[in-house]
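What follows is a set of notes on a single structure, which appears directly below.
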Amino acid sequence: MDAKRRNSGLPRGGASQAKRGKTGDWEDSPSNFEEELALFEEADMEAEEREGQAGHDVIPVGELFSADLNPRWRRPQAAPLNPDSDTLVFQQIDLDYYLGAVVAGMPGQSQGNVPIIRMFGVTDSGNSVCCHVHGFAPYFYIPAPNGFTSDHLSEFKRELNSAVLKDMRSNKDNISVTVLAVDITRKESMYGYHGKRIADFLCITMAMPRLIAPAKRLLEQGFKFGHFPIQSFSSYEANIDFEIRFMVDSDVVGCCWIELPKGKYRVSLCQYEVDVGWTQLISHPAEGEYQRIAPLRVLSFDIECAGRKGIFPEAEKDPVIQIASMVQRQGEKEPFIRTVFTLQSCSSIVGSQVLCFTKESQLLQSWAEFVRTVDADIITGYNIQNFDLPYLLNRAATLKVKLFPYLGRVQGIKSVLRDSSFQSKQMGRRENKILNMEGRVQFDLLQVLLRDYKLRSYTLNAVSFHFLQEQKEDVQHSIITDLQNGNEQTRRRLAVYCLKDAYLPLRLLQKLMCVINYMEMARVTGVPLTYLLSRGQQIKVVSQLLRQAMKQGLVMPVVKPEGGEDYTGATVIEPEKGYYSVPIATLDFSSLYPSIMMAHNLCYTTLLQKGSAEKLGLTPEDFIKTPTGDLFVKSSVRKGLLPDILEDLLSARKKAKAELKKETDPFKKQVLDGRQLALKISANSVYGFTGAQVGKLPCLEISQSVTGFGRQMIEQTKQLVESKYTTANGYQADAKVIYGDTDSVMVKLGVDTVSRAMEVGREAAEWVSSHFTPPIKLEFEKVYYPYLLINKKRYAGLYFSSSADTHDKMDCKGIETVRRDNCTLVANLINTCLQTILIDRDPQGAVAHAKEVISDLLCNRIDISQLVITKELTRTAQEYAAKQAHVELAERIQSMFWRTTFPLTPSTTWNNSSPSHCSASLSPSWERAKQRASY
DNA sequence: TGGAGCACCTAC
DNA sequence: TTAGGTAGGTGCTCCA
């Protein structure tokens with residue numbers, strides 16, 4: 001089919017005619033991306049002929065924008081829904097709550113404003129659903145005071161209610177009842193083992209989520225009611241997000257499928273906007289057919305602004321000139337909507353629709369209308385959270401485009417910008433802007449990459465090149481304004497650029513399978529999709545903990561965060577530094593910390609606090625003493641919650657790993673690898689959670705026992721291996737553990753070949769494993785041959801695991817090549833030298849290469865832009881003249897080179913190439929070059 | 001000049 | 001209102 005026929009009259013290289021004027025410094029043959037776009041056109045032809053539309057021409061919109069410009073923007077027509085005879089099934093993708101008026105016929109309070117859970121989702125047929133869930137109220141627990149009976153309930157409730165009311169500074173919602181109910185319930189604290197002693201707790205149900213905190217505070221401060229003396233109550237589960245509370249109680253997990261049985265829900269407003277009582281909905285576990293994913297609409301967009309020369313665009317001053325949008329259904333290969341909104345005219349682009357506006361305010365308003373029409377479930381792009389969306393919103397405010405800031409799915413709710421700062425040790429302080437868009441998940445690709453990937457550069461260009469081997473269209477930022485001020489051909493050039501910037505995030509999302517991976521994570525951990533990008537690690541563990549606890553009638557206490565003493569972590573075995581030209585076998589404990597917790601049943605619920613063992617009359621057979629002296633009951637007395645959670649996570653990981661083995665597609669392999677890694681990280685963060693002293697439920701007894709066991713185990717492993725594999729026992733040589741970190745040992749077995757090292761390694765791992773409690777298991781991982789051990793946490797070697805004949809890769813740990821605080825020149829130099837040493841086994845060659853590079857550096861043969869080493873040195877470099885900076889940097893690189901590649905003591909086998917020797921041979925030329933350079 | 005203290009990044 | 005952990009190498013500044 002002729003992809004160009006729609007474009008009759010317009011030459012393909014049309015832009016060449018426009019190579020006049022002041023912006024003539026760009027190349028203009030059609031880019032690969034334009035050809036790619038044109039290919040989409042072919043695929044679209046049939047659909048369009050069927051639907052009888054001509055979607056991809058230039059449309060001079062002027063004032064005439066209508067959401068009906070292209071029927072494909074809309075979702076498929078929704079079939080009529082009869083609550084009495086139809087079941088409604090949808091995949092829930094976002095969940096929040098709001099305060100709303102009571103809906104007659106729904107469970108819960110009968111008057112006033114009530115919290116209503118709102119679930120957004122999509123059906124199999126691609127129709128969107130907004131489901132209001134009624135009747136669920138927030139609650140928390142306190143232990144019932146001594147002598148409390150059901151006769152005291154109403155008095156307690158009345159007193160607490162009036163205390164909370166009195167505590168309110170203002171009562172703008174006109175609340176008259178704060179405490180809805182107080183019930184006596186039999187529960188048990190999850191913190192510490194106390195002989196399964198179930199006790200009376202008061203379950204206090206409040207009218208609104210935000211009333212929980214004051215009620216908890218008042219009870220803590222000291223509360224008096226009836227004839228009971230004033231006393232302070234500790235609270236339980238008063239710090240749980242309302243959404244999580246609901247999800248846990250109704251067994252809903254992130255992104256699961258929800259069923260509303262016929263006769264149990266009602267249609268309230270437009271199609272598929274429904275109301276249901278919270279006990280009526282059915283949540284399907286994400287298994288079997290319910291693992292599927294609905295045809296979600298993913299919108300990716302990018303904006304261009306006409307900034308002033310050298311000034312970062314400001315929304316108050318600089319206009320938005322283009323917005324490109326691409327919409328793709330999850331699971332399909334290509335976007336089915338490709339459109340660009342431009343200010344002023346723009347030549348046509350095969351494969352995309354161009355909508356031209358004469359007024360910027362019209363462009364903005366129309367784009368918002370477009371978003372509402374497309375009704376995307378997921379909104380993505382590159383840095384949209386902190387740039388594009390805030391810019392559009394601020395720009396629309398400046399131009400007073402009143403209908404713009406309604407971008408969510410709920411009518412009448414305005415999208416508002418807020419600043420938030422999020423701080424964690426893991427990610428440092430991160431300032432972000434937050435924009436509410438009810439019912440749409442904002443999935444900023446930059447944020448995903450910042451969280452999940454350690455990269456040297458996070459520009460869209462660098463990231464695209466890294467993952468897709470593709471780059472942005474070549475348009476310098478500085479000429480954007482000129483292109484806009486040119487003619488319809490230069491604006492076309494800009495539009496192609498803009499389209500590509502909207503397209504790349506979609507491609508990346510697809511390639512990295514972000515959406516699917518995040519959904520899996522939401523399903524495994526039970527939190528909403530949005531939490532995964534906006535919150536930390538802890539909430540995932542809390543969600544799992546609560547679910548597991550509820551099954552056993554356990555409640556989670558609220559603890560005051562207080563920083564305490566740090567505890568001891570893992571052991572790093574003192575390395576026997578050197579270059580090893582013999583195979584070194586590496587044995588690892590797989591999932592060390594999780595398996596320790598499982599093997600020894602370490603949990604909040606199994607912890608014996610001081611004196612408990614005697615008080616409960618436990619015999620020594622009932623509990624264990626950990627290396628740190630803490631006591632935990634065995635699983636025969638009570639199985640811990642944390643071991644249960646870990647078993648779930650690790651069996652999911654096992655499954656992912658099995659799929660990984662079967663998979664042949666290299667990229668899907670990578671993704672499955674990512675998933676199993678995510679599950680591993682989740683399992684590891686359970687340990688981290690117990691050690692997080694400023695956290696929801698720290699328990700240092702658990703975390704320090706875990707690391708204590710770990711320290712013991714790695715020492716024992718070293719001793720076991722070195723005691724069995726000796727000449728005295730008939731082996732070729734005495735084995736020696738030359739290094740080890742946390743959960744691994746590197747062993748010199750004294751064998752000559754990789755295959756022999758693998759054999760002995762496997763045998764040794766199995767034998768050592770038999771000394772430990774399952775599921776603790778030492779595994780043979782790999783052989784390094786040769787192996788360069790520079791220092792603790794710094795080494796390199798050729799990595800053999802699958803085959804004994806060829807190495808999989810050169811593995812570098814902690815060396816400049818993998819660190820991001822060095823310039824690429826250093827990384828490349830060290831990398832080449834390591835290759836020369838390990839693969840070619842030619843240390844002299846490595847020295848020669850280093851000399852060459854340093855000489856190039858000193859003679860100004862290397863671009864200065866490559867030379868920024870660290871932040872500190874950037875400053876130094878700027879303070880010196882360029883040539884002097886070269887010398888400084890060359891010295892730095894030289895010392896870095898020596899330390900990294902020749903760190904060895906003279907006794908090690910470097911035949912005739914010890915550091916001092918090489919250093920001497922380099923020196924004369926070094927001095928000469930230095931003199932030349934500083935001349 | 002050498003060591004304490006810090007920032008940064010990584011290993012696990 | 002919210003935040004996983006410790007060990008450890010390296011380069012830099014500051015100070016005695």
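Predicted model only: the values in this text are computed from it and were never measured. In what follows, chains carry the letters A, B, and so on, assigned in the order in which the sequence lines appear, proteins first and then strands, with residues in each chain numbered from 1.
Residues A/Glu574 and A/Ser685 each lie close to DNA chain C; by heavy-atom proximity, the contact nearer the 5' end of the strand is made by A/Ser685.
Although no hydrogens or angles enter the test, the distance criterion places a donor-acceptor pair under 3.5 Å between the side chain of A/Ser769 and the main chain of A/Leu778.
In this structure, CG of A/Leu532 is placed 15 Å from C1' of C/dG4, rounded to the nearest angstrom. In this structure, the CD atom of A/Glu816 is 14 Å from the P atom of B/dC9, given to the nearest Å. Rounded to an integer number of Å, the gap from CD of A/Glu431 to P of C/dT2 is 17 Å. The nearest whole Å value for the distance from the CG atom in A/Asn822 to the C1' atom in B/dC9 is 10 Å. As a whole-Å value, the separation of A/Asp821 CG from B/dC9 P is 6 Å. Rounded to whole Å, the distance from CD1 on A/Ile539 to P on C/dA3 is 7 Å. Whole-Å rounding puts the A/Arg820 CZ to C/dG9 P distance at 20 Å. Distance CD1 (A/Ile815) to P (B/dC9): 18 Å, rounded to an integer number of Å.
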With 3.5 Å as the limit, what N/O pairs link the protein to nucleotides 6-8 of chain C?
{"from": "C/dT6", "atom 1": "OP1", "to": "A/Asp566", "atom 2": "OD1", "distance (Å)": "3.4"}
{"from": "C/dT6", "atom 1": "O3'", "to": "A/Gly569", "atom 2": "N", "distance (Å)": "2.8"}
{"from": "C/dA7", "atom 1": "OP1", "to": "A/Gly569", "atom 2": "N", "distance (Å)": "3.0"}
{"from": "C/dG8", "atom 1": "OP1", "to": "A/Lys792", "atom 2": "NZ", "distance (Å)": "3.0"}

**Study point:** Dot-bracket pairing map - DNA chain C, Watson-Crick plus G-U, both contacts under 3.5 Å, | cross-strand
**Key:** ....||||||||||||

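Within the cation-pi definition used here (under 6.0 Å to the ring centroid, within 45° of the axis), A/Lys782 does not qualify as a partner of A/Tyr799. At least one test fails for A/Arg245 against the ring of A/Phe242: distance under 6.0 Å to the centre or angle within 45° of the axis.
Distance from the side chain of A/Gln537 is smallest to C/dG4 among C/dT2, C/dG4, B/dT10. Out of B/dC12, C/dG5, C/dA3, the shortest distance to the side chain of A/Ala692 is found at C/dG5.
Taking the ring centroids of A/Tyr518 and A/Phe443, they lie under the 6.0 Å cut-off. Ring centers of A/His600 and A/Phe709: under 6.0 Å apart, within the cut-off.
For the 3.5 Å distance criterion, the side chains of A/Thr628 and A/Ser705 qualify, holding a donor opposite an acceptor. Residues A/Asp811 and A/Tyr784 bring a donor and an acceptor atom of their side chains to less than 3.5 Å of each other.
For the pairing with A/Pro594, the side-chain contact (heavy atoms from CB on, under 4.5 Å) check across A/Val686, A/Asn684, A/Val706 returns one residue only, A/Asn684.
Comparing the C1' positions of B/dC12 and C/dG4 gives a spacing of 14 Å, expressed to the nearest Å.
Electrostatic pairing of A/Lys792 and A/Glu574 counts as a salt bridge here, judged by a charged N lying under 4.0 Å from a carboxylate O. A/Lys813 has no carboxylate O lying under 4.0 Å from a charged side-chain N of A/Asp741, or vice versa, which leaves the two without a salt bridge.
Here A/Tyr795 lies in heavy-atom contact (under 4.0 Å) with sugar-phosphate atoms only. A/Val541 comes within 4.0 angstrom of no nucleic acid atom, judged by non-hydrogen atoms across all strands.
Contact annotation: A/Arg794 does not reach the phosphate of B/dT10 (side-chain N/O to OP1 or OP2, under 4.0 Å).
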